[in-house]
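Below, chain A is the first sequence line, B the second, and so on; all start at residue 1.
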Amino acid sequence: MGLMDQVELPKPVKYVFNWGRKYSLWCFNFGLACCAIEFIAASTSRHDFIRHGVIPFAHGPRQADLLVVSGTLTDKMAPAVKRLYEEMPEPKYVISFGSCANCGGPYWDSYSVTKGVDQVIPVDVYVPGCPPRPEALLDGIIALQDRIQKESLKERIAGRRLDPITLGADTPLVSDSSPALPSGGGAT
Amino acid sequence: MTDVLARKDRALSPEETEALLRDRLGDQVVGSTVEFGTFTLHIAPSGWHAAAQLCRDESLLAYDMFDCLFGIDAREEGFDVVAVLYSTSVGTRICLRTRCEGGRDAPVCPSITDVYRGADWMERETYDMFGIDFEGHPSVEPRLLTVENFEGWPLRKDFHLTSRVAKSWPGVKEPAELDDEGNVIERIPEVGDAPGPYDLDKAMAEQARAINKPELDEGDADQDEADKDASAAKDDGDERPATEIDQETFDKLIAEGKSERIARSKAKAAFMKKQKAAAAAGDAPAEAEAEDAPTDGIDKETFDRLIAEGKSERIARSKAKAAFIKKQRAAEAADADDTDAAEGAPPDQDVEVAEQADESADAEVEATEEEPAKAPADEEPTAAEKAEARRKEQAEARKRKAEERAAEAEAGDADGDEPTQGPDDEEGQA
Ligand code: SF4
């Protein structure tokens with residue numbers, strides 16, 4: 001990516017480039033509990049997120065652009081999530097799907113459950129629900145794609161991320177009109 | 001083990017099993033229980049390994065399958081370990097249970113990994129959760145279920161959940177939880193909170209009320225009765241406050257220091273009750289009004305007499321109604337047929353007739369009372385919750401209808417009574 005991380009692309013090029021990126025998100029499913037079932041439902045014919053250009057079940061983290069953490073993350077599992085996330089090539093995105101992945105969910109007081117996947121890796125979109133419906137995942141994907149469309153790849157590669165989106169709390173979801181970058185936002 | 005299918009009929013009974021093991025192990029078999037169809041044999045720790053070995057190798061027992069193994073926190077007495085074994089040849093299950101040596105501080109139990117290989121990880125998990133050391137286990141470390149550097153034994157009863165220490169459980173723990181004053185805690189989500197699905201909170205509160213009925217109901221009834229008395233006069237006048245709550249009750253409860261929510265809901269209920277009472281009392285709700293209430297339809301004398309006797313207004317009214325109808329009929333009959341012997345009937349017969357009439361009136365009163373009483377009882381919980389004008393109107397209409405029907409029935413009854421009697425002015429005067 002020698003050039004991309006040095007130079008800000010001209011606007012039309014950036015547009016086409018980002019358009020291509022947002023509609024070819026190879027998705028790596030980190031299914032950990034019940035939410036994974038909803039994720040699978042979202043990938044199958046009824047909800048079918050392939051029509052949004054999300055390609056499920058990437059062969060491995062090294063081929064993936066998008067990590068969907070769906071389910072209860074335990075402290076024991078957390079290092080594995082971190083490791084697989086780190087194996088993904090930049091630019092990479094994370095959707096935290098379900099209450100468990102967002103904050104520990106019903107197991108917030110458990111001795112073994114991590115209080116949110118954002119304790120381990122930075123998250124781009126939070127999809128709330130226990131479990132969220134597949135539609136909610138589609139919503140999250142569209143919100144993410146909207147963000148990718150407006151993104152500056154240079155900034156992204158430099159590791160500067162926008163603040164995460166929380167579905168339902170950060171409105172409007174799809175018509176976020178300020179592509180301006182905050183100074184070093186996002187949890188790391 | 002030549003049979004493919006498990007042969008339960010060949011299994012030893014719990015008693016036989018126990019006798020066999022006692023024979024081999026002596027007093028290391030401490031006791032036995034059969035609970036929920038599960039046979040549990042209590043073994044002394046020193047005989048733990050031998051018991052497992054015996055269960056596997058004894059041809060009469062042949063517990064060849066290791067099912068599971070786990071720990072139990074026995075509070076002051078330390079920890080128990082339970083192994084569940086299954087026999088594929090005869091299809092029975094047995095629990096072996098032992099109390100670890102070492103009490104709470106250093107519980108230790110002999111390992112049975114060399115008897116059942118499958119016990120390996122089960123024992124490691126038990127070590128993870130309870131801190132029970134297994135003597136003779138290849139290695140219970142590193143920790144299997146928790147992170148390697150986890151401190152503490154999470155399934156011990158005295159293990160503290162740090163999250164709970166930092167932040168206590170939000171809201172109500174049980175559906176029927178009461179606050180200090182004995183009121184049901186109804187968790188109403190704050191603005192911005194996600195509400196429960198399909199009024200889950202409300203459903204829970206209702207359930208809670210049902211569970212806590214006895215004391216609560218009485219309190220509520222007293223409360224509302226008092227309210228009704230206190231503000232009966234006021235209620236006659238005002239039609240329907242915009243807020244649809246009983247302001248007096250509300251103020252009173254607030255003054256008593258109840259939370260606003262509770263006060264509001266109780267006031268709502270009180271308001272509803274009043275409305276219903278007003279509707280039930282019909283056109284002339286208060287006794288004071290009865291004086292100038294239209295006397296058509298009721299026999300005033302009977303009414304006054306009954307009131308003086310201390311009967312309730314409603315009973316008096318309905319009896320008076322019956323008496324009035326009777327009189328009317330009698331008068332008509334007398335007009336139509338002067339020759340009736342009723343006129344000359346002996347007084348004692350009249351008295352009897354009057355008594356009969358009284359009784360039938362009583363029965364009618366009971367009948368009429370039952371109907372309106374049933375209707376509000378059915379509606380109470382939902383109506384009190386919702387307080388929707390629409391529903392109230394419906395209820396009122398229904399009640400009115402019921403009353404009309406009752407009145408008709410009365411008239412019909414009076415018809416039936418009529419032929420046996422003459423003019424019964426006496427009844428009114430008696
Ligand atoms: S959020 Fe709910 S549905 Fe999803 S993994 Fe956790 S418990 Fe299961």
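- Between the CG atom of Asp75(A) and the CG atom of Asn149(B) there is a distance of 9.5 Å, given to the nearest 0.5 Å.
- The structure places CE of Met129(B) at 3.5 Å from OH of Tyr111(A), a figure rounded to the nearest 0.5 Å.
- Atom CZ of Arg46(A) sits in a sparse spot, with 12 or fewer heavy atoms from other residues, nucleotides or ligands closer than 6.0 Å.
- Counting heavy-atom neighbours within 6.0 Å of Phe57(A) CZ, excluding the residue itself, gives a total above 12.
- Considering all non-hydrogen atoms of both residues, Arg143(B) and Lys76(A) come closest at O-NZ, 3.1 Å.
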